[in-house]
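Okay, so here's the structure we're looking at.
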Amino acid sequence: MDMLDTTSTVAVSLYALLSTAYKSVQAVYSLPTDVSLASQSLAGFEELPSVDVIVPSFNEDPRTLSECLASIAGQEYGGRLQVYLVDDGSENREALRPVHEAFARDPRFNILLLPQNVGKRKAQIAAIRRSAGDMVLNVDSDTILASDVIRKLVPKMQDPAVGAAMGQLTARNRNDSWLTRLIDMEYWLACNEERAAQARFGAVMCCCGPCAIYRRSALASLLDQYESQYFRGKPSDFGEDRHLTILMLKAGFRTEYVPSAIAATVVPNKLGPYLRQQLRWARSTYRDTLLGLRLLPNLHRFLTLDVVGQNLGPLLLALSVLTGLAQLALTGTVPWLASLMIVAMTMIHCSVVALRARQRRFLGFSLHAFINIFLLLPLKAYALCTLSNSDWLSRSSAGNSNQHPATDARTTECSGHATAPRRLNPARDSARRTTSDCMCSDE
């Protein structure tokens, strides 16, 4: 059984070396620079660009949706702003009707009612093809934006080489449970370590769905590819934010991160929904990592280290844990060296983050190591073995997700009178703006 002990020790030692090198370099590159701090002004624009905000919604809680839309309506931005709320065939549409009617009175709001569920990606595309603003801001329906989010994101787009930028995510329901507190810290690390370091080289690998802005001219050239993602011959509808970001990078655009643009999104407060979410994300990450590998030769070498660290590191850790558990089960001896190395690395990382963030709560993030080792690592292994599965796991209705929203999904627009559902005309609708001035009519 010495082989098990040796394997566990070697695997965790390699993991420690890789993780230490990766995290050290990442910590250096994630520090803010004078350039990043200086690019927060709108003064560089002769005329402020128009912004279209796209909010796909499916079975959303009415209060949550109302708070999301109110945060968009309250944006402190001097340019033209239009909002497109796309109800993706919600089963609770009657409960949502008062929210639709209330915001339809604002001439900036356009309410699109899809007669059946087509999936988040196609709901987004239905609105994008109807809008015409210079910039497109994607916002999840359970997200609240700080009042200056658009004002903070738009300056990043002054450089025509930038195709997309994302804001910093926080957990809107952080105080719900111990899990939401851990997820909030996980989001801070993902944004202010991972994304911040990637942004140093203009290559954020995933502009997260709750709050990401895109240059329309860049987005328009990629829309067909974005809509028709396949994996092993099957439609792939989740992980839309990561896939769109990879497409932006493939097209030669830069992708950026703006830490001062804060968006608070609802996170799972129970393990079941959290693990289902993580399974979807793991599958989409693996799929688009395969696509993103082709980009690495043209990007800074740190991005190669980043991809290796994020993908090989967990495999080494999983191997160490697996062989350690086998050693414990077969011999009754504890792999102390491997265990102590994992504990030491966890405590050191959490301590460094606590000092950097100046928040003692990050010392408690060490508890996340148990979730990572005993739940997330097996889940990622399962995701790797089931990459062809495109089930959303959390959606109760997505049977029509293969439809093209511009040809197959009819919509009902909000207006002052009842209107019959009609087909979308991409050529016509992309050239004009539809507005909601008064009441919502159902199909």
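The distance from atom CD of Gln168 to atom SG of Cys191, rounded to the nearest 0.5 Å, is 5.5 Å. Atoms CD1 and CG, on Ile371 and Leu271 in that order, are 6.0 Å from each other to the nearest 0.5 Å. Rounding to the nearest 0.5 angstrom, the gap separating the CD atom in Glu227 from the NZ atom in Lys122 is 5.5 Å. To the nearest 0.5 angstrom, Thr143 atom OG1 is 11.0 Å from Asn138 atom CG. In this structure, Glu240 CD and Cys206 SG are separated by 9.0 Å, a value rounded to the nearest 0.5 Å. Remark: Tyr382 OH to Leu376 CG distance equals 15.5 Å, nearest 0.5 Å.
Defined by atom type and a distance below 3.5 Å, a donor-acceptor pair is missing between the side-chain atoms of Asn389 and Thr386.
A donor-acceptor pair under 3.5 Å is formed between the side chain of Asn92 and the backbone N or O of Glu60. Remark: side-chain polar atoms of Asn372 are not paired, donor with acceptor, to backbone N or O of His368 under 3.5 angstrom. A donor-acceptor contact shorter than 3.5 Å links the side chain of Thr180 to the backbone of Ser177. Not a single donor-acceptor pair under 3.5 Å links the side chain of Ser320 to the backbone N or O of Leu316. Of the possible polar contacts, one joining the Arg216 side chain to the Ile128 backbone as a donor-acceptor pair under 3.5 Å is found. When atom types are taken as modelled, the side chain of Ser366 and the backbone of Leu363 share a donor-acceptor pair closer than 3.5 angstrom. Remark: side-chain polar atoms of Thr9 are not paired, donor with acceptor, to backbone N or O of Ala338 under 3.5 angstrom. Remark: the backbone N or O of Ala146 is paired with a side-chain donor or acceptor of Gln75 at under 3.5 angstrom. At least one donor-acceptor pair closer than 3.5 Å links the side chain of Ser71 to the backbone N or O of Leu145. Using a distance-only test at 3.5 Å, with no hydrogens or angles considered, no donor-acceptor pair links the side chain of Asn173 to the main chain of Val266.
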**Request:** Would you sort out whether Asn269 and Leu179 count as a side-chain contact (heavy atoms from CB on, under 4.5 Å), showing the intermediate values?
**Result:** CA-CA 6 Å; Asn269 58 7; Leu179 179 60; 5.9 Å; no
**Prompt:** How far apart are the C-alpha atoms of Leu317 and Ile342, what are their side-chain angles, what is the distance that settles it, and do they pass the side-chain contact (heavy atoms from CB on, under 4.5 Å) test?
**Reply:** CA-CA 9 Å; Leu317 181 58; Ile342 293 173; 3.7 Å; yes
**Request:** Take Asp184 and Val267 through the side-chain contact (heavy atoms from CB on, under 4.5 Å) test and state the conclusion after the steps.
**Result:** CA-CA 8 Å; Asp184 182 64; Val267 301; over 6 Å; no
**Stepwise side-chain hydrogen bond (donor to acceptor under 3.5 Å, both in side chains) test for Asn311 and Tyr286** = CA-CA 9 Å; Asn311 291 277; Tyr286 286 134; 5.5 Å; no
**Request:** Run the numbers on Arg151 and Val154 for side-chain contact (heavy atoms from CB on, under 4.5 Å), then give the verdict.
**Result:** CA-CA 6 Å; Arg151 184 161 55 86; Val154 167; over 6 Å; no
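Side-chain contact check for Tyr257 versus Asn192: some heavy-atom pair is nearer than 4.5 Å. In this structure the side chain of Leu291 reaches within 4.5 angstrom of the side chain of Arg294, judged on heavy atoms. Side-chain contact between Leu377 and Pro314 is present, with heavy atoms from C-beta onward closer than 4.5 Å. The side-chain heavy atoms of Pro49 and Tyr77, taken from C-beta on, include a pair separated by under 4.5 Å. Counting only heavy atoms from C-beta outward, the side chains of Val53 and Ile150 approach each other to under 4.5 Å. No side-chain heavy atom of Cys68 sits under 4.5 Å from any side-chain heavy atom of Thr64. Gln229 is listed as a side-chain neighbour of Asp288, based on a closest heavy-atom distance under 4.5 Å. Side-chain contact between Phe103 and Arg108 is absent, with no heavy atoms from C-beta onward closer than 4.5 Å.
Asp241 approaches Cys207 most closely through the heavy-atom pair CB-O, 3.3 Å. Nearest heavy-atom pair across Ala165 and Met157 is CB-SD, 4.2 Å. Nearest heavy-atom pair across Arg121 and Gly239 is NH2-C, 4.2 Å. The two residues Cys211 and Val149 make their nearest non-hydrogen contact at SG-CG1, 3.8 Å. Contact record, Pro56 with Lys120: CG-CG, 4.0 Å, taken as the closest heavy-atom pair. For the pair Leu303 and Met205, the tightest heavy-atom approach, listed with the atom from each and the gap, is CD1-SD, 4.3 Å.
Partner of Leu65 under the side-chain contact (heavy atoms from CB on, under 4.5 Å) criterion, chosen from Asp87, Leu96, Asp142: Leu96. Screening Leu295, Leu312, Leu296, Leu299 against Val307 for a side-chain contact (heavy atoms from CB on, under 4.5 Å) leaves a single residue, Leu296.
Under the salt bridge (Lys or Arg N to Asp or Glu O under 4.0 Å) criterion, the residue pairs touching residues 185-211 are Lys23-Glu193, with sequence neighbours excluded. Residue pairs meeting the salt bridge (Lys or Arg N to Asp or Glu O under 4.0 Å) criterion with at least one partner in residues 344-356, sequence neighbours excluded, are absent.
Using bins of under 30°, 30° to 60° and over 60° for the plane-to-plane angle, the ring pair Tyr226/His243 lands in the parallel bin. Ring planes of Tyr22 and Phe302: parallel class, angle under 30° (limits at 30 and 60°).
A salt bridge does not link Asp52 with Arg130: every distance from a Lys NZ or Arg NE/NH1/NH2 to an Asp or Glu carboxylate oxygen is 4.0 Å or more.
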